[in-house]
Amino acid sequence: FRLNAMIRNCCGGVSSCGTNGMWQLHHRDNSTIWQRRKKRVRDRDSRLRTELIEREQFHTSCKIEDTASSLDRVLVGEYSHFVNRKLSYGMSKSPEGFLGAQQRWVEGAITLCLQWVTQNADAHGQAKKNGPLLWCVIFAFIGFVYALIRLVTMEYTSSVLVSAGAIKETTYNDWVRKPLAPVIEWIFDTLMTIRGGHSPNSYTYEVYEDMTLQFVV
């Protein structure tokens, strides 16, 4: 958990862990304690109406309300921070309780995912409008995994776009390889300097350039 939180802390996207999570709640301008929300079930006439509920600060639409609330805040540009220190102590769950918590986390994660996929997430204001950003992150992660797998399993000297016939080899060299060549060469020279020079087992610059371009493009 700590390793996962430290990695996510680099982009300010650490999910609140419920018990030890502290939130900064801003006072809203309106004085009313009521707000309208779309009903989660349809009426008898099959229409989906809104209902008047007490104003909420945290999500109550799934079993992992801490993660859902954290995701809502990240989508509006707010940040979270993980404090890697022992500031509080608590009793650990029993084996039966831990298995129950695992089941709750899995069910809540699936519910939250389905809510955002079907555009039925209990998000507020700008967070709901920024929902497509989640798809951008998902596609970027899929692209990263694909580039990594292609890098270690295939041997190419050009981009996947050239292999697929999307662009010509000359166009790729003029628009990608030549502009990035000075940067890649500087990185290669810096790594070789830190390493202490070339060795019999070190790869050449051409191999490093091909690997870098295959991963980036």
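Keep in mind the model is a prediction, meaning the values are calculated, not measured.
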Chemist: What about Leu75 and Leu112, same hydrophobic cluster or not, with Ile/Leu/Val/Met/Phe/Trp/Tyr joined at side-chain heavy-atom distances under 4.5 Å?
Modeler: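 Yes.
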
Chemist: Rounded to the nearest 0.5 Å, what separation is found between the CE atom of Met6 and the CG atom of Leu3?
Modeler: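 The CG atom of Leu3 is 7.0 Å from CE of Met6, to the nearest 0.5 Å.
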
Chemist: Tell me whether Ile187 is reachable from Leu180 by hopping between hydrophobic residues (I, L, V, M, F, W, Y) whose side-chain heavy atoms are closer than 4.5 Å.
Modeler: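 Per the 4.5 Å side-chain linkage, Leu180 and Ile187 are co-clustered.
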
Chemist: Hydrophobic cluster membership, with links at side-chain heavy-atom distances under 4.5 Å among I/L/V/M/F/W/Y: are Phe141 and Ile149 in one?
Modeler: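 Yes: a chain of side-chain contacts under 4.5 Å links Phe141 to Ile149.
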
Chemist: Run the numbers on Trp116 and Leu71 for side chain to side chain contact (heavy atoms under 4.5 Å, CB included), then give the verdict.
Modeler: CA-CA 11 Å; Trp116 280 101; Leu71 179 60; 3.3 Å; yes

Chemist: Working to the nearest 0.5 Å, report the span between SG of Cys136 and CG of Leu133.
Modeler: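 Going from SG on Cys136 over to CG on Leu133, the span is 5.5 Å.
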
Chemist: To the nearest 0.5 angstrom, please state how far the CG atom of Asp66 sits from the CH2 atom of Trp105.
Modeler: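 So the CG of Asp66 and the CH2 of Trp105 are separated by 9.5 Å.
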
Chemist: Rounded to the nearest 0.5 Å, what separates atom NZ in Lys63 from atom CD in Gln103?
Modeler: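 It is 6.5 Å, given to the nearest 0.5 Å.
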
Chemist: In terms of hydrophobic clustering (I, L, V, M, F, W, Y; side-chain heavy atoms under 4.5 Å; direct or indirect links), are Ile7 and Val74 co-clustered?
Modeler: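 Different clusters: Ile7 never reaches Val74 through Ile, Leu, Val, Met, Phe, Trp or Tyr contacts under 4.5 Å.
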
Chemist: Is there side-chain contact between Val14 and His81, with heavy atoms separated by less than 4.5 Å?
Modeler: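 A side-chain contact is absent here, since even the closest heavy-atom pair is not under 4.5 Å.
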
Chemist: Give, for atom CZ of Phe188 and atom CG of Leu191, the distance between the pair rounded to the nearest 0.5 Å.
Modeler: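 Between atom CZ of Phe188 and atom CG of Leu191 there are 8.0 Å.
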
Chemist: Is there a path of hydrophobic side-chain contacts, each under 4.5 Å between heavy atoms of I/L/V/M/F/W/Y residues, joining Met192 to Val183?
Modeler: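 Looking at the clustering, Met192 is in the same group as Val183.
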
